[in-house]
There are 4 protein chains.
Amino acid sequence: MSDSVKRVVLAFSGGLDTSVILKWLQQEYQCEVVTFTADLGQGEELGPARRVAETLGVKAEHIFIEDLREEFVKDFVFPMMRANALYEGLYLLGTSIARPLISKRQIEIAKLTGADAVSHGATGKGNDQIRFELGYYGLNPDVKVIAPWREWDLTSRTRLIEFAEKHQIPIPKDKRGESPFSCDANMLHTSSEGKVLEDPWEEVPDYVYSRTNNPEDAPDTPEYITIDFERGDGVAINGEAMSPATLLEKLNEYGREHGIGRLDLVENRFIGMKSRGMYETPGGTIYHAAHRGIEQLTLDRGAAHLKDELAPRYAELVYNGFWFSPEREMLQAAIDHSQVRVNGTVRLKLYKGSVNVVGRKSPDSLYNEKVVTFEDDAGAYDQKDAEGFIKLNALRLKLLGKRNG
Amino acid sequence: MSDSVKRVVLAFSGGLDTSVILKWLQQEYQCEVVTFTADLGQGEELGPARRVAETLGVKAEHIFIEDLREEFVKDFVFPMMRANALYEGLYLLGTSIARPLISKRQIEIAKLTGADAVSHGATGKGNDQIRFELGYYGLNPDVKVIAPWREWDLTSRTRLIEFAEKHQIPIPKDKRGESPFSCDANMLHTSSEGKVLEDPWEEVPDYVYSRTNNPEDAPDTPEYITIDFERGDGVAINGEAMSPATLLEKLNEYGREHGIGRLDLVENRFIGMKSRGMYETPGGTIYHAAHRGIEQLTLDRGAAHLKDELAPRYAELVYNGFWFSPEREMLQAAIDHSQVRVNGTVRLKLYKGSVNVVGRKSPDSLYNEKVVTFEDDAGAYDQKDAEGFIKLNALRLKLLGKRNG
Amino acid sequence: MSDSVKRVVLAFSGGLDTSVILKWLQQEYQCEVVTFTADLGQGEELGPARRVAETLGVKAEHIFIEDLREEFVKDFVFPMMRANALYEGLYLLGTSIARPLISKRQIEIAKLTGADAVSHGATGKGNDQIRFELGYYGLNPDVKVIAPWREWDLTSRTRLIEFAEKHQIPIPKDKRGESPFSCDANMLHTSSEGKVLEDPWEEVPDYVYSRTNNPEDAPDTPEYITIDFERGDGVAINGEAMSPATLLEKLNEYGREHGIGRLDLVENRFIGMKSRGMYETPGGTIYHAAHRGIEQLTLDRGAAHLKDELAPRYAELVYNGFWFSPEREMLQAAIDHSQVRVNGTVRLKLYKGSVNVVGRKSPDSLYNEKVVTFEDDAGAYDQKDAEGFIKLNALRLKLLGKRNG
Amino acid sequence: MSDSVKRVVLAFSGGLDTSVILKWLQQEYQCEVVTFTADLGQGEELGPARRVAETLGVKAEHIFIEDLREEFVKDFVFPMMRANALYEGLYLLGTSIARPLISKRQIEIAKLTGADAVSHGATGKGNDQIRFELGYYGLNPDVKVIAPWREWDLTSRTRLIEFAEKHQIPIPKDKRGESPFSCDANMLHTSSEGKVLEDPWEEVPDYVYSRTNNPEDAPDTPEYITIDFERGDGVAINGEAMSPATLLEKLNEYGREHGIGRLDLVENRFIGMKSRGMYETPGGTIYHAAHRGIEQLTLDRGAAHLKDELAPRYAELVYNGFWFSPEREMLQAAIDHSQVRVNGTVRLKLYKGSVNVVGRKSPDSLYNEKVVTFEDDAGAYDQKDAEGFIKLNALRLKLLGKRNG
């Protein structure tokens, strides 16, 4: 187990679990630990991460705390949104899309600090271990990967807490007891699963939701907003230009207010079992609807339908952890090619859990007055053309009918 | 144009347009007209259809008025719903799915009555002409198809009304003026397009909606219902067994009450132009969500993902009018194969325009307590397996990384 | 490792490796071994298998030797051929398609004999272990699987032979030294890989081929044969009706004579590495060409193109070992639906390594004199129709051109 | 029909048919004709094209004769070959791929010469009219398209020749009688169809072939060649660097000599009927095999399999005339992304109609000695990993088996 490891870069939240891992790595591998804590907009303070790391003896120059929110939205969330990716028809992939960025930075920091190993706190039954590790191996084939949850003997919460107590690791009060469910959060979404959610017949209790109002408590009056797009990416809300992360954050506020983006899902994990989760993706849900809205006006049918056929595969790749794979990049190249003229403005109505596109306009519209004129212009659209179109589309069916008849 | 035609079966609503067509066919082709009026749950009385046909001289034995609601839902709507088909990601295909059934019955009635031609009232700029005619030609390659809107000179409403007046065709009061939009309806949905809807930036006015409450006027209290499925098809609501059409009708009532199923869409027509439409699919929207919900529990991942990849193609085929095509039937065979164990109950929350799955259970669940036990059973799920799984999934990426690095 | 096992069904060829496995299982697991030897047309005598099993103490009623050739061709090879499946564009999947049948019989025999485990002789670096084991687990989720090559310490040929000598296991003379490559064979093909084939730049030496003449040594005169198809399956050669296995065997003779079906391939294994193999699929190569030939005449374009799009996925599933998976079965349902009218006769020319379709006829042809007459019949094919067809296909491109221009 | 046309750019071969069209356009439309004659390597002299055009009164500055061979291969054939595109599994798309280039130049020349119309000599029953016209409309939505074969009354060869005689159009001797089949040729291939080829049961007579030796007459000794690739495109033969067109021409010579690239096909036309054609693609067939060979070594499995799944769609788009469409461009972007490291050398054996890859090497190989070392290196490939890999791939199948069992 304990191959010789010199220095390991740990994806470190500062919470109980990764603090225990930090200590365990130091003990078990007799190695230096470099901590990497990313601000992906999960809404937690990162200050404690530094304090805990220091307490546990991590050198100051080995504590990396970085605000990656803009990179996260610009280089990961937005490209994925260009694909209209929905896993199993419904899920906006909020957890999946954050992992590759963390992997990438861990590998970069390993290079900077001369570390030969990386580690993460994902369990052995989930998807995240795969997403982290496919990223690690793809970006540095020679890196040593340590997955404590698959190695150690701290297999119950009691033993974990005993370990923490023994090593003076701070234990947040609310971690003493069993949590009724487990969470992951970043700027795009919060996910919850386990415990009280495990019976898929039982409705998700309201207290599980943390990012959105209950639609029944949302305002009784709809709110209208606009989002501007350039080359397939959101650039402004209500006419005000914003950076990617600012824009998503602002949409999160709208979504929270109006109770938008809750999803109760039974999904298929890559490792082969079904799990039941609850997701809140307030801003992302609004953004997804808006992106489809602007595409309706600006994408040609051929491009739009090809995208629709490729989207499930793209979503599967992201979910399964293959962000840094040739096939995801190939699909991205195809998708990005389609987005060059996806410019314009979408108007949305937000109301008690729903987001609906109610208007769209674009300088690059393929539906506009010129088209209408074009239709009516004698000779430009000749209804007689439809006859030929239908007859030749029918020809093979006629031949079939003759044979089969 | 006027090839010799002996007898023509007209898809006849009894309304102004098809009444004019009836007369025009008699005049232009000097032929007998057989009228076929289908009750697909469009919510109009069919009595007038008989009266108008009689008035215009159609023989009693040539007036066919049929209630096809059960066949429509059982053999067309439900098979399509098994596919989770959404055209361009959003549209439930309510108009598209009705056309093949009408085509099929027209061809059957043509055989019964010795007719050599069929005719319909769809215009030359839309999709419906294609859907009707691909059906006709596929089912009877030798049939003569008459599409009056592509042939005649009644190209304005004024001239149409003049023609009606001249021939004592009854003109409903509300047809005298220009309608602010045009409609199609059946049990699955109502669609509206044209006129006031033509500017895709303008919100659809509330008076265009006829099948659903405005969500803002819907009840302030959510309602919960259950739908039972057998072999992928709905069979009961709240535990009460129902026929397909009764079930869909009941869901329409729920959807109307809670303002569910409104869609404002800019879509790509098969003939190559974009159009903007408004759809109301109250019961179908609930049903679609429920079907996905029960599949979550009962479909294996391999089946589920293959279905997701095939669904856009399936939807395109239905939209474009290729219901009676080998490729749609092939996809249906694949889809139906997957539905054998799609049994169980879905619980849904209906509230102010939203439908959400909040629970699902099934005797054929692939997610259940046995699975949980299975996971925890020592040896059955060994977390060590995950390491091998990840390492071999990563192997090609490592080799790539080594080469590219 | 040695969980308690009572009785294990071993896929047993009677050769050195599986004989050693037999003994090793008895020793290591202290369990009874049931041997299963299948005649899949690999061209070896099966008598020795019985003798070796008896010598090693297997009870007579636990020695299963079965001729599965007809089942193999009828239920595995032919369904796969209906799909025109080619892995990575070239490989006819001869090894892959045999594994599920063996798995299935092992599980059936385990039930018959009350065995609680199954075992095979595939190595830990190849695809076959996956194909065997996915079959086992899918057909009996509770079965214990023993894969000696992943468990034992007989990791070199020398140690294997020492073990054999120590236990009086008969060692064929040609197995004493290192073989210059390793082989797998069945009625569909022979594959070779390893050793002298490992450098993909070096041409495969002629002595590696065992099932086909070198094309340069094949007859200087072409030979013509016909194959008759019914519902997509071959039923006769040169007009003589034959069972599936007889037909494939006969085609193997033709292929051997004319040097047909050699393939030198670098392929991607499911476990993530590339390997270089040599395949000989003499009869299968002829059959594949013939099946495409009869489909050309009898399949509608919609069906044919959908099949072409699904075929790579189907091939991947078979290659990766997912024969007994819902998604392979779904694809098969779609494919089989298309084959109902794939009837007729194909004429082929065999010559020095090549097989070419030179003629095809069918009672279910969609290309025939009636079609020609149909084309020339005034009104049936109106060249004017082409104009409308083109114009409406062009409409979206025109709109694009106007926008982009 | 004769809308006012000022000047029309005609795709002009100089042969009888397009000469008649030239004259007919002058007469029927009372317009100036600009002739455009492209050298795509069809192997005909272009001198006569100029003489005929001059004779028929075309202004010298309106006669365009251009050598497009390099552009043809570099920008059309090679990109298509990167996709491994085969229409209906077999056809290398030699005719289809030439049309977009001709369309593009006609539209460019129309702009240069101030022409408002374009014209071509393709008939109303074929695919080429579609390919030309989709190109025209996409590149210039306002252009007027004249398709004489769909308009005029010269519907028999006799009347065409009468028209030619009446207008002193030179008539090649071999065009006086009915040709036994019709041809199209360019550097990539020659196609023949019609007349003696119309019965798909009859073998194609040897005299129809013009570009390849009969395999039976090809050399009795195999020939070996190498092709070098850079970024997915051929750059050298036997180590000698060549331009794209030179390389393809050289491969054509090899193919001719060894009788490679003949194809007898019944195919599905876009307009809905089946046709039987004969194709000779000597160099292209060699190139296609070689490209697959180098991809085997240099493409990752994920990229390779995605390409295989996209290839049928790509081929269909090219065949149907959608070269200049967003969806073909999107697929090209994905494909081109995969080709960046497709570098190396393929060794091929040419013999009596067959081309076989017998070796490949690459500086970017993903299969090489380092990989082998990697495999054997203790810990790098641990056979135990396979167990976890298989078990988690099997997990969903086990759960299925438990439910279904």
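Please read all numbers here as calculations on a predicted model, not as lab measurements. Naming convention: chains lettered A, B, ... in sequence-line order (proteins, then strands); numbering from 1 in each chain. Hydrogens, waters and symmetry mates are skipped; everything else that's a heavy atom, side chains included, is used.
- Contact tally against chain D (heavy-atom pairs below 4.5 Å) for R292(C), M278(C), E295(C): the top residue is R292(C).
- The shortest heavy-atom contact between D308(D) and P312(C) is O-CG, 3.4 Å.
- Considering only heavy-atom pairs separated by less than 4.5 Å from chain C, the leading option among A394(D), G293(D), S325(D), G321(D) is A394(D).
- Checked against ring-ring contact (aromatic ring centres under 6.0 Å, His included), F324(C) has no partners two or more places apart in sequence or in another chain.
- The existence of a salt bridge linking R360(D) and D264(C) is confirmed by a sub-4.0 Å separation between a basic side-chain nitrogen and an acidic carboxylate oxygen.
- When each of L310(C), T123(C), T345(C), T221(C) is scored by its heavy-atom pairs under 4.5 Å with chain D, the top score falls to T345(C).
- Between the OH atom of Y136(C) and the CD1 atom of I390(D) there is a distance of 10.5 Å, given to the nearest 0.5 Å.
- The structure places CD of E133(C) at 7.5 Å from CD of E387(D), a figure rounded to the nearest 0.5 Å.
- For K402(C) (side chain) and D142(D) (main-chain N/O), no donor-acceptor pair under 3.5 Å exists by modelled atom type.
- Heavy atoms closer than 4.5 Å to chain C are found in the backbone of E202(D), but not in its side chain.
- Remark: the backbone N or O of W201(C) is not paired with any side-chain donor or acceptor of R347(D) at under 3.5 angstrom.
- Of the listed residues S275(C), G353(C), G302(C), G272(C), the one with more heavy-atom pairs under 4.5 angstrom with chain D than any other is S275(C).
- Counting heavy-atom pairs closer than 4.5 Å to chain C, the top residue among R262(D), R313(D), E267(D) is R313(D).
- Considering all non-hydrogen atoms of both residues, P141(C) and G401(D) come closest at CG-C, 3.5 Å.
- In terms of heavy-atom pairs under 4.5 Å with chain D, the best-connected choice from N356(C), V204(C), N393(C), V357(C) is N393(C).
- Between G124(D) and A386(C), the closest heavy-atom pair is O-CB, 3.7 Å.
- Atom OH of Y351(C) sits about 3.5 Å away from atom NZ of K352(D), to the nearest 0.5 Å.
- With hydrogens and angles ignored, the 3.5 Å screen pairs a side-chain donor or acceptor of R301(C) with a backbone N or O of R269(D).
- Shown here for N214(C) and K349(D), the closest heavy-atom pair between the two residues is OD1-NZ, 4.2 Å.
- Heavy atoms of K307(C) lying under 4.5 Å from chain D are absent altogether.
- Within the 3.5 Å criterion, the main-chain N or O of R150(D) finds a donor-acceptor partner in the side chain of K384(C).
- Most heavy-atom pairs under 4.5 Å with chain C: of the set D300(D), D220(D), L265(D), this distinction falls to L265(D).
- Using a distance-only test at 3.5 Å, with no hydrogens or angles considered, a donor-acceptor pair links the side chain of K274(C) to the main chain of L299(D).
- The contact between L400(D) and chain C is made entirely by side chain atoms (from C-beta outward), counting heavy-atom distances below 4.5 Å.
- The backbone N or O of E198(D) lies less than 3.5 Å from a partner atom in the side chain of Y367(C), making a donor-acceptor pair.
- Considering only heavy-atom pairs separated by less than 4.5 Å from chain C, the leading option among E309(D), R276(D), E203(D) is E203(D).
- Of all the listed residues (F322(C), F389(C), W149(C), Y224(C)), the one sharing the greatest number of non-hydrogen pairs under 4.5 Å with chain D is F389(C).
- Proximity to chain C is limited to the side chain of R396(D), based on heavy atoms less than 4.5 angstrom apart.
- Heavy-atom distances place the backbone of V346(D), and not its side chain, under 4.5 Å from chain C.
- Interface summary for chain C: among A147(D), P222(D), A304(D), the most heavy-atom pairs under 4.5 angstrom belong to P222(D).
- Every residue was checked against the side chain to side chain donor-acceptor pair (under 3.5 Å) condition with Y137(C), not counting sequence neighbours, and none meets it.
- The most heavy-atom pairs under 4.5 Å with chain C, out of N140(D), L297(D), V358(D), N84(D), come from V358(D).
- Between the CD atom in E88(D) and the NE2 atom in H305(C) there is a gap of 3.5 Å [rounded to 0.5 Å].
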